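Structure first, then comments.
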Amino acid sequence: MADLHDAAHQDAAHERVREVVAGIPAGQVLSYGQVAARAGLRSARQVGRILALDSDDLPWHRVLRADGRCAPHLAGEQLARLRAEGVTVVDGRVRR
DNA sequence: AAAGTGACTAGAC
DNA sequence: CGTCTAGCCACTT
């Protein structure tokens with residue numbers, strides 16, 4: 001039965017990242033690298049990739065770059081959502 | 001198999 | 001502050 005689930009379930013890493021992102025409280029943000037560390041991954045790029053594929057039910061807007069900036073193509077939506085949660089955004093950058 | 005790509009990061013200047 | 005470089009890793013061409 002393992003082989004059937006294997007493809008559908010993707011990787012354990014994938015699932016851990018989902019858990020970590022789902023656990024970020026409203027009004028708080030984490031960098032891709034922080035999520036990676038919490039999920040036991042080696043590279044921040046993997047987090048971005050996973051979110052790009054499967055962010056549908058997650059608060060993906062709480063994950064941004066290490067410098068407090070968000071990914072270029074997401075900036076508009078992401079910043080709007082963060083501001084709606086009470087996050088301080090100054091000149092397109094999140095204040096922690 | 002080799003090169004290109006991207007929701008990244010840290011360091012150098 | 002800013003830009004550039006190199007390192008990173010899974011995926012695509």
Side-chain angles (χ1 to χ4, degrees):
Chain A
M1 103 192 265
D3 39 302
L4 191 61
H5 276 266
D6 211 26
H9 175 280
Q10 307 185 35
D11 274 337
H14 192 124
E15 213 143 293
R16 267 185 236 115
V17 168
R18 289 179 57 91
E19 288 268 326
V20 170
V21 174
I24 304 174
Q28 183 170 340
V29 298
L30 285 180
S31 73
Y32 293 93
Q34 288 274 281
V35 173
R38 268 176 100 158
L41 300 185
R42 312 179 219 126
S43 85
R45 279 208 190 265
Q46 189 159 354
V47 174
R49 193 176 311 122
I50 289 168
L51 289 180
L53 291 172
D54 194 14
S55 64
D56 40 350
D57 281 326
L58 297 172
W60 56 269
H61 54 273
R62 296 180 190 142
V63 185
L64 49 152
R65 289 188 165 179
D67 63 353
R69 266 288 210 198
C70 37
H73 57 282
L74 296 173
E77 171 87 19
Q78 183 158 26
L79 258 32
R81 281 177 161 223
L82 288 172
R83 249 175 284 175
E85 290 186 349
V87 176
T88 307
V89 180
V90 179
D91 193 31
R93 194 160 46 213
V94 172
R95 283 284 199 182
R96 186 168 59 87

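Each chain gets a letter, A, B and so on, in the order its sequence line appears, and its residues count up from 1. Just so we're clear, the structure is a prediction, and the values are computed from it rather than from any experiment.
- Taking a cutoff of 4.0 Å between a charged side-chain nitrogen and a carboxylate oxygen, A/E85 and A/R62 qualify as a salt bridge.
- For the pair A/R18 (side chain) and A/D54 (backbone), a donor-acceptor distance under 3.5 Å is present.
- A/R81 places no side-chain N or O within donor-acceptor distance of the main-chain N or O of A/H61, the cut-off being under 3.5 Å.
- Distance, A/R65 CZ to B/dG6 P: 12 Å, rounded to whole Å.
- As a whole-Å value, the separation of A/L64 CG from B/dT9 C1' is 13 Å.
- Comparing C/dA10, B/dA7, B/dT9 against the side chain of A/Q46 picks out C/dA10 as the nearest.
- The shortest distance between side-chain heavy atoms of A/Q46 and A/Y32 does not fall below 4.5 Å.
- Atom CG in A/L41 sits about 12 Å away from atom C1' in C/dA10, given to the nearest Å.
- Judged by distance alone, with hydrogens and angles left aside, the side-chain atoms of A/S55 form no donor-acceptor pair with the main-chain N or O of A/L58 at under 3.5 Å.
- A/S31 comes within 4.0 angstrom of sugar-phosphate atoms only, judged by non-hydrogen atoms across all strands, and of no base.
- Residue A/R93 places at least one side-chain N or O closer than 4.0 Å to OP1 or OP2 of C/dC1.
- If you take CG of A/D67 and P of B/dA7, they are 15 Å apart, rounded to a whole angstrom.
- Side chain A/R49 to base C/dC9: a donor-acceptor pair is found below 3.5 Å.
- Each of B/dA7, B/dT9, C/dC9 was ranked by its minimum atom distance to the side chain of A/A71; first place goes to B/dA7.
- Side-chain atoms of A/S55 and base atoms of B/dA7 include a donor and an acceptor less than 3.5 Å apart.
- The distance between atom CG of A/D54 and atom P of B/dA7, rounded to the nearest whole Å, is 16 Å.
- A/A52 comes within contact range of at least one nucleobase, with a heavy-atom separation under 4.0 Å.
- In this structure, the CG atom of A/D91 is 10 Å from the P atom of C/dC1, given to the nearest Å.
- On the C1' atoms, C/dG2 is 22 Å away from B/dA7, given to the nearest whole Å.
- To the nearest angstrom, C1' of C/dC9 lies 16 Å from NE2 of A/H14.
- Between A/I50 atom CD1 and C/dC9 atom P there is a gap of 14 Å when expressed in whole angstrom units.
- Phosphate proximity of C/dA10 to A/R42: present, with a side-chain N or O under 4.0 Å from OP1 or OP2.
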